[in-house]
Structures are given as structure tokens and as C-alpha cells.
Amino acid sequence: MARIGVFVCHCGENIAGTVDCPKVVESMMHIPGVVHAVDYKYMCSDPGQRMVRDAIREHKLTGVVVAACSPRMHEPTFRRACAEAGLNPFLCEISNIREHCSWVHEKSEATTQKAIDLVRVMVEKVKRNRELQPISVPVTKTALVLGGGIAGIQAALDIANCGHKVVLVEREPSIGGHMAQLSETFPTLDCSQCIMTPRMVEVAQNENITLYTYSELESLDGFIGNFKAKIRMKARSVDMNLCTGCGSCYQKCPQKKIPSEFNTGLGTRTAIYTPFLQAVPNKPVIDRDNCLYFKKGVCKLCEKVCPTKAIKYDQQDEIVEVDVGAVVVATGYNVLNTGFFPEYGYGKYKDVITGLQFERLASASGPTSGEIRRPSDGKVPETVVFVACSGSRDPAKGLPYCSKVCCMYTAKHAMLYKHKMHEGKAYIFYMDIRAGGKMYEEFVRRAVEEDGVNYVRGRVSRIYEEDGQLVVKGADTLLGGMPLEIKADLVVLATAMVASPGAEELAQKLHVSYDAYKFISEAHPKLRPVETNTAGVFVAGACQAPKDIPETVAQASGAASKVLQLFSKPELMREPVVAVVNRTAPPLFSTCVGCFLCEKACPYQAIGREEIKARDGKVLKVVAKVNAGLCQGCGTCVALCRSKSIDLQGFTNEQIFAEIMAL
Amino acid sequence: MEELKNKVRELLKAGTVQAVIGYRAGSDEKTARVAFVRQPDEADGLILDPRCTDNLAVYLLKPEVKLLGKLAIVARPTTARTILQLASENQLADGQVIVLGVSADGKAVVELASFEALEKFVGQVPAGLTEEEKVLLAKIEGMSREERWAFWQSEFARCIKCYACRAACPMCYCSRCIVESNQPQWIPVSPHDEGNLEWHLVRAMHLAGRCLNCGFCAKACPMGIPLNLLTQRLAEEAKAAFGAVAGGSATGEYALSMFKADDKEGFIR
Amino acid sequence: MAVATSNIPNIYKPYLMRIEKVTVEAPGVRTFRLVFTNPEEAEKFTFQAGQFAEYSSFGDGESTFCIASSPTRKGYVECTFRQAGRVTSGLASKDVGDVIGFRGPYGNTFPLEAWEGKNIVFVAGGIALPPMRCVIWNVLDLRDKYKDVTILYGARTVADLVYKDELAEWDARPDVRLVTTVDPGGETPDWKGQIGFVPAVVEKAAPSAENSIAVVCGPPIMIKFTLPVLSKLGFKPENIFTTLENRMKCGVGKCGRCNVGKTYVCKDGPVFTFAQVKELPPEY
Amino acid sequence: MENDNKATGAFEPKLVAFVCNWCTYVGADLAGTSRLKYASNVRVIRLPCTGRIDFMLILKAFAQGMDGVIVSGCHPGDCHYTVGNYHARRRWILFRSLLDFAGIDVRRVHFAWVSAAEGAKWADLVNKVSGEVRELGPYKEYQGLAGKGIA
Amino acid sequence: MAETRLIRKDALTKLFEKTRQSGRRILAPKAKGEQAFFEEVTSFGEVCLDHVQTRSSAKEAVFPKCEALLRYKFGDKGAVSYDEKPFEPPVTVVFGTRPCDARSLAALRAVFNWDTPDKFYLEREARTTIISVSCTKADSDCFCTSVGGGPGDTAGSDILLTPVSDKEYLAEILTEKGQAIVALAPELFATAGGAQKEPHLAKVAVQFDVNELAKTIPVTFNDEKVWQEQSLACLGCGTCAYVCPTCACFDIQDEANRQGGVRLRCWDSCGFSLFTLHTSGHNPRHVQSQRWRQRVMHKFSYYLERQGMLGCVGCGRCSRACPVDMNLVEHLKELALHGRNG
Ligand SMILES: Cc1cc2nc3c(=O)[nH]c(=O)nc-3n(C[C@H](O)[C@H](O)[C@H](O)COP(=O)(O)OP(=O)(O)OC[C@H]3O[C@@H](n4cnc5c(N)ncnc54)[C@H](O)[C@@H]3O)c2cc1C
Ligand SMILES: Cc1cc2nc3c(=O)[nH]c(=O)nc-3n(C[C@H](O)[C@H](O)[C@H](O)COP(=O)(O)OP(=O)(O)OC[C@H]3O[C@@H](n4cnc5c(N)ncnc54)[C@H](O)[C@@H]3O)c2cc1C
Ligand code: SF4
Ligand code: SF4
Ligand code: SF4
Ligand code: SF4
Ligand code: SF4
Ligand code: SF4
């Protein structure tokens, strides 16, 4: 017993100027189910809305079609008006006879006819509309932050400082990420560790933050507001509760020659170690691959020296499960190593290093205590060649993108070098300088003008060793491609920033998409830069794309604010335009056959599986089930499902079919 | 042949399976039909020769057959591929059936208890069309659009909507086929020309990227409509456009469940 | 080549009926009162209690419902249906004044004349009251021909009870014994009837089998458990009546789907005694 | 949809456009706000995403007597639902090839990416498609199927 | 009434012409691939009589696969009015039916004329003339003689042609409708002389005793094992019913648009699970064995009881068309035996 009301708006002359509104009204009255139709000058005005409300009550309408401007303008207005009159707002539809009709056609019979058709189509749709209720999803107000670089730290602190719990998971034994490795930071040249360390300590001390280092995400299930994360705490072989971080163990460890990851291989560490002195937590782990006890079964020196008996060789990986409402991915980046470059000797020349290695050389806490000495023989280099864009912007190498920070840190490196070696010569080979950023261009200029860094525009074609010296062959394109050969003591390659190892697997665990370079994709490049395509999973820092610290921090705070927005209400309200899998009478229960081809297609991983069980618990059938929390209502699954077992509320098969039949 | 019979006897005797789906002699010397062997001595009646072309995988999902217990099935490469495709669509679980794989020449028989083994067995040999069908396909492709329309219309006009094609197709396992959903009635029930066209296009689209080209649909069609050409045409398209070939693996991706950012789109304005 | 057309009537052509009244009985359950658009047809039309008809929603198809009004009430027919599929949804979208199709009456009838002078016990569950309503009114309209009339009616919940006004009317009548019940949990705070499943309530109400006829309609599970109770009370299978509902299209014994063995529900039924049902192969 | 130009008697094609809510629908809105003028013979059916556009809709549109169909949504990479349009594109690749193989005139089915900013492209698209389909004339073959085969 | 004449094979072209000129539609077997189908033909050259049996049956002439029972128009606000046109099915000659097919009309008529006469069937039948051709060959699926028919059986035919030499058919003109055809070109029919049809007929062995079968099948009803075994291979595809000349089950469906609609009748099959499925989800025949049983019981038991004849003419089409080689005779023999033993 459909009782539809049609309200045709003149929009002043905007519609009535070309469309014969009374005729539209008249023709509606011939459609079965239409019990009321009127036209009015301005439907969206207060009196117009009142007409709608009054008619709903007076004619006991079961559906409303407002023929007016685009639904983007006034759909909310009229739906609200309906709700006020006691009609479910989803029983109201807008027929767009302004933008799609009166404004784009001349006044004519055909235009009026089109308006009639458009309204009729909506009438047929609305007859099949169902009452829908907004979906509310409860929210667990704990955030999971993956990655303890500056991005993760910033996001964790922002969220924790608003009073919400945070679980911070870091893969390495300490948080800090790359920023902890840097010497000084452009464009201010303040000491990286000086600004980083206090933040790290803040994390350790914040009671809202639970820190899992040396841990990784095992799996993530659930949906926005209601995730279940499993975290694997890798066996540290050290009891975190007993260890006081006194360091006796690593002082005694006989395995002293292990290249230090933190020092990018330029320094060494022991088998039981903390990555660096300011590590948070400042408690060691045993690197089982290099530990004599684990390798050969003998040693146990550390156990002997540990005053608190904290060494636990038999410790196992542990899985902890946490309920979280939102996830921030901040797993950062990696840099290409020199082995990637055949033309620069495949990494076989010790004195060809990466920018990150240079950071360690320049760092006061680094292996050379901040003195710039070349790795091969410890000599202070007299000529240093910096090669920007090593790998980046090189489609041939598969990395067509710009790493964004190299121009800046290369300038920084050259400057740092010059500050320490005033007579030294610094050359920078570059393609062009990208110094967009506050005080960035000035910074580069300073390198050239104050510190006398030689910028050579051109590519380095080859680096080879000759008589114990590196020869850098290139060309200066500003000088018409004049070939250039520089004998250098040290070559620093600004190697490209790439996705951190395991980024792809992680993205898959999180069900978020990633780009061709395995950087996590944002939901919208402009408007939703900190969201991913999975609701409730946000992204910050260099794992999304190469970026510098200020940008990283800004994005991290952005992500945190999105999380906080989500946590600001007890429940999440969503439009009920979601897919549903049908239910039918037994013995079929649902027409879904459980092919789960829709599951794979859903852009939001909103489709899961549900077992239909008999009373005795026997599984009768496994069918698709849409998670209303995750479903965004695109309808891809609906078009895909062969047996039409899944349908989209608000755009059901019946509705669309009826629309076509009304054409 | 003896090898097959022995395997079947063994499996039944050991109680590894309760029934083996295979071929036996049919009504006349030209036909073979399905056998459901449940006793070791019934294995004697099994045959394996060029008559045995039906895609027996269709029986794996038949409720009445499932009730027989754990099944083994005699499978030529196409049937084996069908099983993998069904697995990739979550209709069969690993270990659920034992496949007695028959090599393309029909000689060797291997027992394949896992999908992994089956994947190795099928390799990359999707079934092609018969020579005759190839000729017809080429002929249709060579026609002008109007001729193609006329050709298919004359074929479709004969369709009586018995849905034997669907019943014979192992990939048409829906609990309720789209033609049976009546709210809305996407496809008319009655076999008139418009409804027939819709049925054929829908069926073909539903099998796009899933069809194994066993040809059972066309064989089943009492009206002799070469409807496997439609699905085969789409299989070719899916392969050309997306590199998708059905039935290669139990975890294979359905061509329409996925995409590549650089899928061709020359036809889109 | 012209050949004279015969005048065999088109048995598939429904009468066009106008909906005169719509009553929403329960969620998804409606009663239509239908009147003939053509008075001549109205004049000629007759039916008997127990018969059914094919109702069309033009554009959607036909559905089978029994005629729920009594043949003693002239000038209209009523049907009560639950919105279930395509046709019933189509019908449900109709309103007073709309035209639907009606083809019938079909099937056999309750042998009301043979029942004269007997006690009659009606046992109905859920939406199965409609087929019985026809007989009930028929009996009540000829009240003096029958002895005691007992109506036992149960539904899942109070909301699911249909014909609420008529239940009140019957309840008020001194010459009718009405027992209503809802399944445990289906009651409302002000529910005054029984709480319990129909078979149990029948057992409690214990109508006498002496010189009695029982009519039982309802979901199969209810029938299954009610029958033993009735036989315990002494009802003989040939004195217990029910109606069968097999899917049917034509209603006139041609489309081939309603048969139970060689018995056609549309022709030989829908009314059967349990003596007959027992003889049918288990195919309904 | 009664759309034949009654005054001149000339053939005016009947078109339906299935468009996504976020790009093409908005693009068409923009054409409106920009007061661009285009042929009045297209009826828009709004869907959330091109991913929702079932190929059945196209067949049903023809069965309903349409002479041409437009299917349009967000450009690749711009999908509101990130990838719905990529799924749609795959579906169309196969469907189009099937239509062609079955002898259906694919010149009557137009796929287009029209973004929210492309009001002009929308107007242009409608005009072009109208023009092309007008050239082709009424889709007699398909429309002729109605009632055929019913005794 | 029966009258026997001779007609030369090459005269058939002429007869065809005349028949067409008289405004009659002609349906006849047309070859396609390895099969032949009854289709409308416009010249005798299209006709192919080489097949033992056509794939589709001739029932299409009297019971089309899709026919309109009713047309209606929607008026203002959905008002309904009938679109009444007199029902005038084409006057038709079905040429080249086999005797079994001709016999099938009786079985169809039994259903359509039972109790409430079905206008559509009866009027089509009244306008249909059956010109059959006796079988000179048969195959292993033929079993007409087991169900009371035969390769030269005249029942149901209006004219029966039997090839008695390379050049001639013996024409038995059996009904008035047959006469009417002869009257179109009497000159083509010569006197029969002493020509005999029997020697030219195919030999079809009797495979089972149908009376015994009729007695044993009902007893087997509850023996589910038998039906399960027999139907294990059955795909429920419905082909057997669709090709069967006597299967009369149908579905009724509405199709409509904004302007109006049509109520259509189309073939259906008891082999489909949907056939008996209630909207509630309950299905009285929920497994294939019950549906297979229904088909067999219907033809060999219920038909006999309700219509007094068998619902099968032994054409063998179902066995030939079955994609999985379900062989009816084989199963009937088994049933005949089974009932007797058990
Ligand atoms: C040579 C060089 C010099 C630079 N100099 C400057 C500079 O001077 N100024 C400036 O602004 N920027 C500079 N940058 C850029 C700066 O390093 C980055 O902007 C910044 O470190 C990005 O921080 P992040 O937290 O996103 O990533 P990261 O610092 O990489 O942190 C990511 C963290 O996540 C952890 N992680 C990774 N995967 C997982 C996982 N699966 N599970 C758990 N944890 C995981 C990592 O261990 C790491 O701790 C420089 C970059 C380079 C390469
Ligand atoms: C003799 C008889 C009396 C009935 N009396 C009533 C009654 O008074 N009130 C009531 O609500 N229901 C009654 N039914 C059941 C009713 O016919 C079905 O519930 C209804 O037809 C299904 O609705 P549908 O057509 O919308 O469903 P769909 O599934 O869309 O139906 C499609 C087609 O199947 C047929 N069909 C589907 N299910 C059944 C079924 N269970 N029985 C018969 N045909 C079916 C319909 O007629 C229709 O043509 C009766 C059935 C029979 C046989
Ligand atoms: S909803 Fe459809 S596509 Fe998804 S699993 Fe079920 S049948 Fe398959
Ligand atoms: S509508 Fe879109 S988001 Fe929702 S379940 Fe379907 S495919 Fe996933
Ligand atoms: S035709 Fe399509 S819906 Fe029907 S069974 Fe086959 S795949 Fe399923
Ligand atoms: S098997 Fe043949 S006749 Fe039957 S539905 Fe399929 S195509 Fe049509
Ligand atoms: S049941 Fe088979 S053999 Fe008998 S008439 Fe039908 S098709 Fe012919
Ligand atoms: S043709 Fe064969 S498989 Fe199909 S329903 Fe008949 S017996 Fe079964």
C-alpha cells in the first residue's frame, strides 16, 4: 500500500522557467500509488518544508519524492523534514530536475517530459524504499600505533595526552626510528637526538602508552572501532622486569664484531645489545643469530654477569592480544643500499656510502664520535662527492618518484662536512634542487654561498677506484655536458627512500592498499591524506611516502586527530547504505553459496564469513556476511554476486530495476 | 585401465573413500555414463576411453551424491581443472575428494589427494575447443555484426529455457540461480526471444573467467545451441585482457574479483 | 486460412475485482474484501466453504489463497494472505479501489451438510485461520443446524493473531466456545488467553469427540502434534478434516505440480480427511 | 520514456545513463550550474559507484526500449570507494566483448570517465552520444525482440 | 473413414506448395547438426526425414513452449483492462511426425481436456493436421511397441505415409482433416492397389510388459533406495520433459511493463527442484529421487489411473537427449522386475 507524495519545486524561475511544473504534478497523479502531488515556488523554504510535513501526516504518506535541485543540495533538508513528520528519512528521495534538466535544456515539451520521466523514475524507486536506521558501531577507545619512529611517537603521544590508551608496537629493540640516527636536521641544524630523546622518554613514561618493542603485528581482525590485534613479542632472552639496564652483560659479551644496524654497519655491537645508548627501553636483547650460546651452546657469560638474573635463554615468542578501536600505521621507510648501483660499484667500494651512513659519521654519538672519517682507512676525506637522486627519479631503476628529502640532507651533509673540514672540497651532483619548504631554499643557498659547496648539475655516470682513490665520472650539463672527473676520498650517495622491509606483508595484514612502491596508500590523495581505504586505519610518516620530519610530525598529529575524532563519541554512526546478504527460509537459509568471490572484490574487506548452524551446532552452510562497520556501500559486491544474494540497502536490485522499468 | 580399477578397489577396500565417481559403458557403444562405484567388485565395470568426456565434477556438488560419503573421482585434465576452480571458489575443501587423475592420453592414472598435487598435475593446459568448434568460432568472429546478431538470434530462438546447460555446468552451483530470483525478475522465465538472449548473456557473463571449457553445457543442450562458444569467447578475452585462466590453482583469483590499475580502457571515453 | 473459433472459455482469465476494503491483520498479513467490477459476473458467481482461488497482481502473477469469507455472505469474497514472495508483495502494494484478478472457485469443499447436527471443533494455528474462517462463518451463519462450536486458535505471538475483531466477536457469543493461545513468550502483559502450544491447549480444552467433527489447519508441525491429541480424545481420522497446500499454478489440474501421488490437491482437495491423508504417499 | 520528437517527427534517441554518485553525477550537476546546454534525451540513474553497475542494467535498459546507454563514473584513481571503478572496468571489458560477439551493437553502449569537475565533458558526452545514436537510428533489432517467440 | 492411396515422393513438393498456398503453416523436421528439430518450413527442400526421431517433439504445434494466455493494459492509476483479441492460432500441418508422436496428442489432450477444457490447447489441436511418416528404422531407444504403439500405428495421425518403395508412399487418409489436405491436390493421390505397409516397417521389439509394469510401479513408491539409485546420475536438468511429446506440465508467469502485460504459459519440468518449492521453503519433493519418481510414476501409473492411458508413447527422446544417458527403458525394466520381486 504505497502512498507516495510528490513535491515539485519551481525553484523560483530556475525550474519553472523551462519545465511546466503543474504538468509534472498532473502527470504524477496518474501513477498508481501516488496519492498527493503539488508544486510550489520554493520547496526548500520553510513553508515548502511545512507542506511536505503536513502532507506526510495528512495523507499518511509512505514515501516522498521531492523534484527539485540536486540531492547534493537539499537531500538532508528534506530527509530531515520527513523525519520531523515521523517518516523514516530514507523514504524520501530527490529527483533532480534542476541541474539535470531545467538548467541544461531549453524550455520545451521535451524538457517537461524529461522532468516527468525523472520524477516517475524516483516514484518507482521510492515505492520500494525501506525504512533504514543509521548503523551505530561501538568504539574501543584504544589506539594501536605501529612503528616507533618520530611519526609513531608523535601520534602515540597526541592520543595518549588526550587521555586514551595507546599500544605502541616497534619492531626494533628500541623506539626512535631513523630520526634517532640522524646527526643534525635541516634546515635548522639542531641536533636530532637532542630533540628526539625527550620524546622517546615521554613515551616510556606516559602511563597511557603500553610499549611493545622488539615486537610485530601478527594479525589484525575486526573493523573500525572494534579491531583485535595480535602482537608477537619476539623473545628478547632478557626478562624486561628484572633487567635494570645496567649494561654489564654487553660489556662482557665476547661477540664484539657484529656490525651495528643503528650505526649502519659503520660501527659494531655485541650479541647482547641495546641499539644505542639512549635506547628506550634501555634494556638489551640477545641477537640469537650471533650469540655463541645459541650458535654453539656454550658461553652464557651474560647470564653470569647479570646482577638481577634477567637473562632468560629459553624465553619464547609471546603473542598478546589487544582490542583496539583504531590503528595508526607509522612504519617508516628504508634507504636503498649502495649495492643497488652497478655503476657505482655494487657497494664494493667501502668509501662509497649512503646518506644515512654519513649521518652516523657526522653524529656525535656515532662510531667516529662525529668526526668525518672515511670507512676504509679512517682518513679524513679531503674531497667528498655527494650524489643526489641516487636511485630516485630514475624510471629505469623502477623508482620514478622523488625521495623529497635528499636535496635537503645532501646540502646539510655538505655543510656539516664543510663545517668540520673547512679546506675540504664538497661537490654535489644534482639533477635539480627541490627545496620547497620554510627556510629550505635559504638553507641550500647558505650551503653554496656561505659554505662554498660546489653544485654540479649533472649525473654521475660511473665511480671506480684508481690507485686507492675513487674516481667520479660525470658531466656538467650546465656547461653543455662537459665531461667531468673528480677524484674523491669519499662518495655519499643520497640513496632513495623506499618502503620499509615487510611493508607489503604488513599492508596485507592490515587490509590496506599500497602503491606500486609498497608505500601505504591514503584514502584520497588530497582530502583524506591520513586515512587509508580501511576505515579506522590511519597512516602517518614516511611509510606513506617519502617525507621529512616536519611533514611526518604534521601527518602524525593529523592521524592522531582523526583517531581522537573517532574516540570522541561512544559510538560511531554510519549511513545505512551498506550491503546485506539475504536470508531465506530453511533449508536454504540464504541464497548465498559461499563462493566468496565477493569477499575478494570488496575494496574494504567488509565481507566475512558466517556459519549457519543447526541447533546441534553442526555447520549447515557458510555464507557471506557483510560487516556493516566496514562496508562503505559501493555495491561492487552486489554487481558481482551471480545469484543476487547480496544487495545494497538504499540501492537495492528491486529499486534500480524499478527505476529502469519506469524509464 | 587395470591400474585405475586396482586403485578404485584399493580405495574402497581400505575405506579411504565410500564411493568413486567414474565412467561406465552407456546405452550404446558410442556413449559412456557416470558410475558411482561403491563396492570394490563394481570397479570391473569402469571404463576409460574416448567416450568418457562428461565433466564428472558436476556430481561433486550434487547433494544426493555428497551423501554417499567421502568421494574419489576419475578426472581427466579438464575435470581436474574444474575441481581446482571449484576449490578456488570455496566449494571444495582440500582433502575432501581424492582425484584419480588421468593423463591427457588416457593411459596413466595418478592418485591426487591434495590440491597441491592436483595443481602440479593440471599444469598449464587449459582445454581448448574442438577443431569443429574452432572453425565455428572463427566463422562467427569473421561475420559482420549484423550477421552475428542474426546467427545468435536463430540459435537462441530455439532455446526452451530448460536450463540443462546450467544443470550440466559444474560451475553453475548457485543455490538459487539468478533466473530463479523473482524479486526482481531479472530474467523472464518464459523462453521467448528477449528472455532467451538475456539468459544466454547472463550465463556467459557468470562464467566469464570461470569456464573450464569442458563443453558439457553444449552437450547437454537438447536444442543443439553452441553456447559454450560464448563462454569460451569470454575465456579468451579474460586471458588476453587480464592473463586470467580458470582452473589452474585452488587459490586462483577470479578475474572479476580483482583488477590491475592498468587494465586496458581504450574503449572508455 | 480462416477457421471459425470455438467458444470454449478461457479458463485462465480472471474476473476483475475491485478491492473494497483492506485490513491489516498482523505484520505482513492482510485481508482484502473484493467485489466484482462486472455485476453480471457477481450475479452468477457462487462458491462453497473450503474452496480456493487464484488471485492475480497483474504484472506479478498469480497466487493461490483460499476464500476466507463465507458463502453465506453474498456480494463479495475475502482473502487473507501473508506477504511472502513476488505476487503477494505485489498484492500487498495494492490499496482500496485497485483492481486485482480472481480466478475460481476451485477445489472441493467441506461437507457442511453432512456435518449438520454435529459438534464442530476448529483447531487453527497462525495464518491458517483464513481457510477455516470461511467455514466458521458458514457454520455460525447457519448456527441452528450445528451443535456445539469450539474454536481453538493459536499464534506465535499476540501480534500474529489474525481477525482480532472477529475473535472478540466470537468470544462474546454464548453459542461459541473460543480458546485462544499464544506460544510461550509471545504474550503481552494484557493477554487474557492461554499461553502454550496448540496441541497442549487442545488437550487441556478436551473437546468431546462424541458426534463431533474436527477441522485442523496450521503449520505441519502443529498438525503433526495435534493429531495424536485428537485421536486420544477419540476423534476418528475420517472425522478430522484439514486442507493441504501444495504449490500450484493453474488450479485446474493441468500444470502438474500439486499432485500427491495420483491425487491432485487442486481437484481432489484442498479439503481432506485424515483418513484420506493417511492413504496419500508422503509427498506434501 | 516518451521522447520521440512529436513536432518534427524526427527520430530522437532514447538514452539512459548509469552514473556514480561522486563523480559523474556531480559532473552533471556542474554542467547544470554552469548552464551548459545539451540534448534532453538522457535520463540519469544514480548509483553509488560504477562498481554497483550490474551488467544486467544495460540489458534491461535495452529491453526497456533504450536506443543507447551511457555508463560513467570516476576516473581511475579517483574512485570514492578507491577501486570500485577498476572492478567496473574489468566487468565492462568482458561484457563489451560478449555483447559484440553476440552481435549487439556496442556503438550503443558508451563508457566514460567523467569527474566532478568535468561538467563540460558530461555535456559534450551526452551530445556526442545522442548524435552518434541518432545516426544509428532506433535500435530496432533489440526492440524487435519484444514479444517475439510468444505464441 | 480410412482410405488408402499412393503418393509419389516427388509429388510431396507439390502437395507442400498447395498446402502452403492454402494458408496453412507447415511444421516439419529440419536437420541441424546431427539432430533434427520440428520447425516451420517454407519449402519441401528444408524437410529432412532421415532421422529415426527428431530431437524436439511436435507438441510445439499444440502446446507451444511459450504462449500468451492473457493480455492486459494498464490504465490510469494502474487500472486493468483486458486486451481482448479473438484467439486465432495458425492453421497448421505438422508433417513428418512419427507414429509415436501422433499418438502423443491423445495423452496431451487427456490433460488439457480433463474436467476443465483448455481453450488454447484444444483450439490449436483443432487447427492442426498431422501427417505422419511410418518408421522404417528404429534405434535402441525406441520402445513404442512396449507401450501400445508401433512403427506403423495410425492413432493420432490424420494422414499416415509409409514408404513402400523408393518412389512411393502409401498414404492412409485417416480423418477429415486428412481428407482436407488430399482435397488440396487430389490429383497427386493415386489408388493404392495392393501395396502393403507392414513389410516396410521397422522392427521394434517389446522390451517389457507394460501391464505388469503398471502393477509393480505403485508398489515400489516407498522403496526409496530404488529411486535413489536410479536417479543418482540425474542432473535434474529437465531436458527429458522438454523433449517429451507428452509432458504437459507448465508454468504461468506474468511479464509486464508500464503500459501493460501478458500472462504467459511456458513449459516446466517436474525434474526441477523449484517445480514444487513452496515460498515457505518447504519442498514436498526435495530430493532428485523424488522428482525422478514423480516423472516415472506420472507417466506409467498416475496417468493410467486418472486418464486411462499411459503418459508415454515410447519415442525414446528422453533417453536420447539426456545429457547423462539416463535410459528410461533400462529403468522401466528394472522397475518391472523390482516390483515383482519385492
Ligand atoms: C639520510 C637521511 C637524512 C635525513 N635528514 C633529515 C633532516 O635533516 N631533517 C628532516 O626533517 N628529515 C630528515 N630525513 C627524513 C627523516 O628521516 C624522516 O622524515 C623520518 O625519520 C620519518 O619518520 P617515520 O617515523 O615516518 O619513520 P622511521 O623513522 O623510519 O620510523 C619507523 C619505525 O617503525 C619501525 N617499524 C618498521 N616496520 C615495522 C613493523 N612492521 N612493525 C613495527 N615497527 C616497525 C621501524 O623500526 C622504525 O622504528 C632524513 C632522511 C634520511 C634518509
Ligand atoms: C490451496 C491453497 C490455499 C492457500 N491459501 C492461502 C491463504 O489463504 N493465505 C495465504 O497467505 N497463503 C495461502 N496459500 C499459500 C500461498 O499460495 C503462497 O504463500 C503464495 O502463493 C506465495 O506467494 P508469492 O506468489 O508472493 O511467492 P513467490 O515465491 O514469489 O511465488 C511464485 C509463484 O509460486 C507459487 N507459490 C509459491 N509458493 C507457494 C505455496 N506455498 N503454495 C502455492 N503456490 C505457491 C505462487 O502461486 C506464484 O505463482 C495457499 C496455497 C494453496 C495451495
Ligand atoms: S554473496 Fe554472492 S558472491 Fe558473495 S559468497 Fe555469496 S554467492 Fe558468492
Ligand atoms: S558494498 Fe562495497 S564496501 Fe560494502 S561489502 Fe560490498 S563491496 Fe564491500
Ligand atoms: S547461470 Fe549464473 S546464477 Fe545461474 S547457476 Fe549459473 S552461475 Fe549461478
Ligand atoms: S540447455 Fe539449451 S535449450 Fe536448455 S536452457 Fe540451455 S541453451 Fe536453452
Ligand atoms: S517419456 Fe520419454 S519415451 Fe516416453 S514419450 Fe516422453 S520422451 Fe518419449
Ligand atoms: S534429461 Fe536426464 S539428467 Fe536431465 S532431468 Fe531428465 S533424466 Fe535427469
Side-chain angles (χ1 to χ4, degrees), chain A residues 14 18 69-73 93-94 96 98-106 108-118 120-122 125 513 521 523-525 532-534 577 579 601-604 632-641 644 648 650-651 653 656-657 659-663, chain D residues 1-7 12 14 16-18 20-21 25-26 28-57 60-61 63-66 77-88 90-91 119 122-123 126:
Chain A
N14 280 309
T18 41
C69 52
S70 169
R72 311 184 69 79
M73 304 288 301
E93 294 278 358
I94 310 295
N96 184 348
R98 192 179 76 179
E99 282 84 345
H100 287 190
C101 188
S102 69
W103 275 353
V104 288
H105 308 311
E106 307 293 346
S108 77
E109 234 178 82
T111 303
T112 299
Q113 187 55 50
K114 175 168 176 177
I116 292 172
D117 287 346
L118 291 178
R120 185 181 51 236
V121 162
M122 268 310 151
K125 179 178 189 200
S513 20
S521 299
H524 190 283
T532 66
N533 62 330
T534 297
V577 177
C602 172
Y604 299 96
Q632 303 293 310
C634 67
T636 301
C637 53
V638 179
L640 184 109
C641 178
K644 301 284 156 251
L648 186 63
F651 295 92
N653 283 320
I656 311 287
F657 187 87
E659 286 184 59
I660 298 176
M661 294 308 282
L663 282 172
Chain D
M1 169 170 175
E2 291 105 43
N3 198 30
D4 283 347
N5 196 327
K6 287 186 191 106
E12 263 307 309
K14 288 179 258 173
V16 62
F18 298 108
C20 85
N21 184 34
Y25 194 88
V26 187
D29 274 1
L30 180 61
T33 24
S34 320
R35 308 297 201 280
L36 302 175
K37 293 283 178 271
Y38 57 82
S40 66
N41 48 12
V42 66
R43 310 289 181 257
V44 164
I45 292 189
R46 178 166 75 127
L47 293 141
C49 174
T50 43
R52 172 70 183 86
I53 304 176
D54 194 328
F55 63 86
M56 283 302 299
L57 306 188
K60 283 290 152 192
Q64 235 347 70
M66 296 297 117
D78 290 353
C79 176
H80 179 79
Y81 304 97
T82 68
V83 296
N85 56 352
Y86 288 125
H87 283 288
R90 280 218 157 182
R91 207 179 294 143
W122 169 254
V126 173

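Everything numeric here is computed off the predicted structure, so don't read it as measured data. Both backbone and side-chain heavy atoms feed into the values below; hydrogens, waters and symmetry mates do not. Below, chains carry the letters A, B, ... as their sequence lines are ordered, and counting in each starts from 1.
Heavy-atom minimum distance, A:E99 versus D:T33: CG-N, 4.4 Å. Taking each heavy atom of A:G633 and D:Y81 in turn, the nearest pair found is O-OH, 3.8 Å. What you find for D:Q64 and A:I660 is that their closest heavy atoms are CG-O, 3.1 Å. Of all heavy-atom pairs between A:C634 and D:R52, the closest is O-CB, 3.4 Å. Taking all atoms of both residues into account, the shortest heavy-atom contact from A:A110 to D:S40 is CB-OG, 3.8 Å.
Atom CG of D:L47 and atom CD1 of A:I656 lie 4.5 Å apart (nearest 0.5 Å). Between the CD1 atom in D:I45 and the CZ atom in A:F651 there is a gap of 11.5 Å [rounded to 0.5 Å].
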What verdict does the side-chain contact (heavy atoms from CB on, under 4.5 Å) test give for D:D54 and A:K644, after you've listed the backbone C-alpha separation in whole Å, the side-chain angles of each residue and the deciding distance to 0.1 Å? CA-CA 10 Å; D:D54 194 328; A:K644 301 284 156 251; 2.8 Å; yes
Can you list the steps and then say if D:V42 with A:K114 is a side-chain contact (heavy atoms from CB on, under 4.5 Å)? CA-CA 8 Å; D:V42 66; A:K114 175 168 176 177; 4.0 Å; yes
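Contacts between D:L36 and chain A at a heavy-atom distance below 4.5 Å involve the backbone alone (N, CA, C, O). Using a 4.5 Å cut-off between heavy atoms, D:R46 contacts chain A through both its backbone and its side chain. There is no contact between D:D78 and chain A, counting heavy-atom distances below 4.5 Å. Contacts between A:A601 and chain D at a heavy-atom distance below 4.5 Å involve backbone atoms as well as side-chain atoms. Contacts between D:A39 and chain A at a heavy-atom distance below 4.5 Å involve the backbone alone (N, CA, C, O). Contact of D:L30 with chain A is not made at all, since no heavy-atom distance falls under 4.5 Å. Of the two parts of A:N653, the backbone and the side chain both hold a non-hydrogen atom closer than 4.5 Å to a non-hydrogen atom of chain D.
Taking the side chain as every heavy atom from C-beta outward, A:E659 and D:V16 never approach each other to under 4.5 Å. Here the side chains of D:Y38 and A:H105 are in contact, with some heavy-atom distance below 4.5 Å. With contacts defined as side-chain heavy-atom distances shorter than 4.5 Å, the pair A:L663/D:M66 qualifies. Looking only at side-chain heavy atoms (C-beta outward), D:V83 and A:T636 stay at 4.5 Å or farther from each other.
With sequence neighbours left out, the ring-ring contact (aromatic ring centres under 6.0 Å, His included) criterion links D:Y25 to A:H100. Qualifying ring-ring contact (aromatic ring centres under 6.0 Å, His included) partners for A:Y604, counting only residues two or more places apart in sequence or in other chains: none.
Side chain of D:R91 to main chain of A:L640: no donor-acceptor pair is present (N/O by atom type, distance under 3.5 Å, no hydrogens or angles).
Taking chain D as the reference chain and counting heavy-atom pairs below 4.5 Å, the highest number among A:M122, A:K125, A:E106, A:R98 is found for A:E106.
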